[in-house]
Amino acid sequence: MAGGYSSRSAAAVATHQSAVSSKILLVLTALPLSLALFAFVLQRRGAGGGGGSVDPAGIGQLAAGGNSRLPGVVLQLDLRSSRTGAGGAGGAISNSDCAKQLLQRGGRMHQPGWKYDILNAATPKISITTSTSAGLEQILPWLYYHRVIGVTNFFLFVESKAASPHSTAVLEAIPGVMVIHPTKELEDKQAKSRIWNETWLAGFFFKPCNYELFVKQSLNMEMAIVFAREAGMDWIIHLDTDELLHPAGAAEYSLQRLLQDVAADVDMAVFPNYESAIEHDDIKDPFSEVSMFKKNYDHVMKETYFELYQEATRGNPNYFLTYGNGKAASRVQDNMRPNGAHRWHNYMKSPNEIKFEEAAVLHYTYTKFSDLSSRRDRCGCKPTKEDLKRCFMLEFDRAAFIIASTASQEEMRHWYKEHVVWTDKELNLKLMRNGLLTRIYAPQVIVQGLREAGVFSDALPAGQAHVEKSHSQTLVLPSVRQPNTIPATTNTGNSTIMNNKKVKGASKDIYTVRGIIGQPKDVVNEQAADRRKLLEFSSNGIVSAIAPLSPPDMDQLVSISLRT
């Protein structure tokens, strides 16, 4: 009896195990087939079309998913005009690896058929203003990189190469870009700015080179505030074209996300700057080739900074070659003004300021050997101690100017390698392990991706098409178009530009920007005093302009440690 029961139980178990095994085999067979079918459907959808958007924010797989979008920008491709020739009713690309998709499709950002629009609903709206004489090879990567991370508008005050007809045509063809030329109209308006009648910038007047540039930047920033208000911007940032914002800590590497999270009562957010640390002396494209940076004093352990200060300076005058006090983003609001090229201020209150703990501005300074001679050539200064103080604010700039003015090409190269190029790999590794040096690849990946996608090269024919569509059939464009016209009177809600008042007894207005920025003139000083009386503006409590400042040196660190 028991034996019969055991036999039947064993048979039942065997049957059950056989059924389970069959089900497992069925699942294992069906699962790959289902996945393959699902992949096939997705592939068909991606190739088929239907409305969509490209995701330059995801270049190099930086975005947090395929649904991410370039902050503030929509890109659409009309396949009827694409190089692939795949006709039909327009298609689209939607993929986090934008550069790869652009290359596969043959799509171009400026190709006829591309629609490159700024989203009106994008918030916050962020603008950058700059004063530049650079060529397109530097401006375009700088501009499109910031477009990718969320900047919507650019106010470009151009001179030299940047102001050439060809450069102007290319830049004006880019949506959201306003190009402002150094015209007589601009100079006349800036000559009537209230800045000249206040004390906060007075210490920078009547000096050449860096001081002259600093005053010019401040005047241009003042005008950019007016443009930003008219364009409905929420934030404004002043950057040079050798600087890139690094929105570390923000979702999807988005500047919009970063500023969106700033508390509503904050008026100004400071980006501490990191400085490029180049590893060879033949850099040609800094944004694509440089990945090592020296971190700001605000972002490192103070004890480490103190301990490794001498090794990190490598015999240079300071921890950084140039400035170390960062750049600031400011909310666009009533009564705001520049406070030098690094900060903003307000006529009616002291701005509530914060400093980012992760985000930074990357400063690509002296990245090319040719920077030594180019900086020398744009300053009409002599290599004397007295002239150096008049021309340059920072010690390293003075040292570099002396070398470029007095040394042979071979001696310049040797000095550059010794003071600028980081060739000691052991030292680099030591400083990196201790947090003073760091690797940052995101800008490099974005710029390279944009270049491979043809964004920069296709901007050039787009500029030519822009010229051909304009009313004038010549490449010589008007220096200031109607949208760039400078307001003649002060905006009551934003006291930045002074009314066009004439000085009593003056037969003509000789109070020009160039005259004031350059060598001092008695007549200019007299007119400045008269204008101050006309304004009846009290400068009590006005904070002096914040100049480019070096990071704290050893003496300052000792003083700080004693106070704390």
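Counting from 1, the numbers follow the sequence of the chain as shown.
At distances below 3.5 Å, not a single donor-acceptor pair connects side-chain atoms of Asn352 with backbone N or O atoms of Asp267. No side-chain donor-acceptor contact under 3.5 Å links Arg229 to the backbone of Val332. In this structure a side-chain-to-backbone donor-acceptor pair under 3.5 Å is missing from Thr313 to Asn318. Without hydrogens or angle criteria, Lys294 side chain to Ala312 main chain gives a donor-acceptor distance under 3.5 Å. Between the side chain of Ser167 and the backbone N or O of Lys161 there is at least one donor-acceptor pair closer than 3.5 Å. Formation of a donor-acceptor pair under 3.5 Å by the Trp344 side chain with backbone atoms of Ala328 is found in this model. Looking only at distances, no side-chain donor or acceptor of His238 sits under 3.5 Å from a matching main-chain atom of Ile128. A donor-acceptor distance shorter than 3.5 angstrom exists from the side chain of Arg376 to the backbone of Ala404, with no hydrogens or angles considered. Although no hydrogens or angles enter the test, the distance criterion places no donor-acceptor pair under 3.5 Å between the side chain of Asn325 and the main chain of Pro548. Using a distance-only test at 3.5 Å, with no hydrogens or angles considered, no donor-acceptor pair links the side chain of Glu222 to the main chain of Pro338.
Once rounded to the nearest 0.5 Å, the distance linking OH of Tyr416 with CG of Asp371 reads 6.0 Å. How far CD1 of Ile236 is from CG of Asp234: 11.5 Å, rounded to the nearest 0.5 Å. A distance of 10.0 Å separates CH2 of Trp235 from CE of Met268, quoted to the nearest 0.5 Å. The structure places OG1 of Thr130 at 10.0 Å from CZ of Phe157, a figure rounded to the nearest 0.5 Å. Here Trp142 contributes atom CH2 and Arg147 contributes atom CZ; the two are 11.0 Å apart, rounded to the nearest 0.5 Å. To the nearest 0.5 angstrom, Thr241 atom OG1 is 8.5 Å from Glu243 atom CD.
We find that Asp424 and Arg314 are not joined by a salt bridge, their nearest charged nitrogen and carboxylate oxygen being 4.0 Å or further apart.
Counting only heavy atoms from C-beta outward, the side chains of Leu244 and Val361 never approach each other to under 4.5 Å. Put simply, the side chain of Phe227 does not reach to within 4.5 Å of the side chain of Thr129, judged on heavy atoms. Residues Val455 and Leu140 have side chains not in contact (no heavy-atom distance under 4.5 Å, counting atoms from C-beta outward). Trp200 is listed as a side-chain neighbour of Arg337, based on a closest heavy-atom distance under 4.5 Å. A heavy-atom distance below 4.5 Å is found between the side chains of Leu436 and Tyr319. Taking 4.5 Å as the limit, every side-chain heavy atom of Asn273 sits out of range of all side-chain heavy atoms of Lys327. The shortest side-chain heavy-atom distance between Lys355 and Asp298 falls under the 4.5 Å cut-off. Residues Asp242 and His363 meet the side-chain proximity criterion, which asks for heavy atoms closer than 4.5 Å.
Closest approach of Asn153 and Val151 over heavy atoms only: O-CG1, 3.5 Å. In plain terms, the two heavy atoms of Ser133 and Ser160 that are nearest each other are CB-CB, 3.6 Å. Between Cys209 and Phe392, the shortest heavy-atom contact is SG-CE2, 3.7 Å. Contact between Leu372 and Ala400 at its shortest, heavy atoms only, is CD2-CB, 3.8 Å. Summarising the geometry of Ser218 relative to Ile195, their closest heavy-atom pair is O-CD1, 4.0 Å, with the distance given to 0.1 Å. Contact detail for Pro551 and Phe320: the closest heavy-atom pair is CG-CD1, 3.4 Å.
Ring pair His342/Tyr323 is perpendicular by interplanar angle, where above 60° counts as perpendicular and below 30° as parallel. Relative orientation of the Tyr274 and His299 rings is perpendicular, given thresholds of 30° and 60° on the angle between their planes. The aromatic rings of Phe205 and Trp196 sit tilted relative to each other, their planes meeting at an angle between 30° and 60°. Ring orientation note: the planes of Tyr297 and Tyr305 are nearly perpendicular, at an angle over 60° on the 30°/60° scale. Classification of the Phe396-Tyr366 ring pair by plane angle, with boundaries at 30° and 60°, yields perpendicular.
For the side-chain hydrogen bond (donor to acceptor under 3.5 Å, both in side chains) with Ser288, the lone residue among Arg451, Gln448, Gln444 that qualifies is Arg451. Only one option out of Glu395, Glu418, His419 pairs with Asn316 in a side-chain hydrogen bond (donor to acceptor under 3.5 Å, both in side chains); it is His419. If you run side-chain contact (heavy atoms from CB on, under 4.5 Å) between Phe287 and each of Pro141, Ser276, Pro443, only Pro141 comes through.
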Set out, in order, the CA-CA distance, both residues' side-chain angles and the distance that settles side chain to side chain contact (heavy atoms under 4.5 Å, CB included) for Asp334 and Met348, then state yes or no.
CA-CA 9 Å; Asp334 290 348; Met348 302 304 294; over 6 Å; no

Start with the C-alpha distance between Ile174 and Tyr144, add both sets of side-chain angles, then the distance that settles side chain to side chain contact (heavy atoms under 4.5 Å, CB included), and finish with yes or no.
CA-CA 10 Å; Ile174 302 172; Tyr144 277 109; 3.6 Å; yes

Does the side chain to side chain contact (heavy atoms under 4.5 Å, CB included) test come out yes or no for Tyr211 and Arg390, once each step is laid out?
CA-CA 8 Å; Tyr211 290 90; Arg390 288 194 318 114; 5.9 Å; no

side-chain hydrogen bond (donor to acceptor under 3.5 Å, both in side chains) between Thr322 and Glu275: does it pass, once the steps are laid out?
CA-CA 8 Å; Thr322 52; Glu275 189 173 79; 3.3 Å; yes

Candidate pair Leu255 and His146, rule side chain to side chain contact (heavy atoms under 4.5 Å, CB included), full reasoning:
CA-CA 9 Å; Leu255 183 63; His146 286 108; 5.7 Å; no

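There is no side-chain donor-acceptor pair under 3.5 Å between Tyr364 and Gln138.
Ring centroid separation for the pair Trp415 and Phe401 does not come in under the 6.0 Å cut-off.
Within 6.0 Å of CZ in Arg439 there are more than 12 heavy atoms belonging to other residues, nucleotides or ligands.
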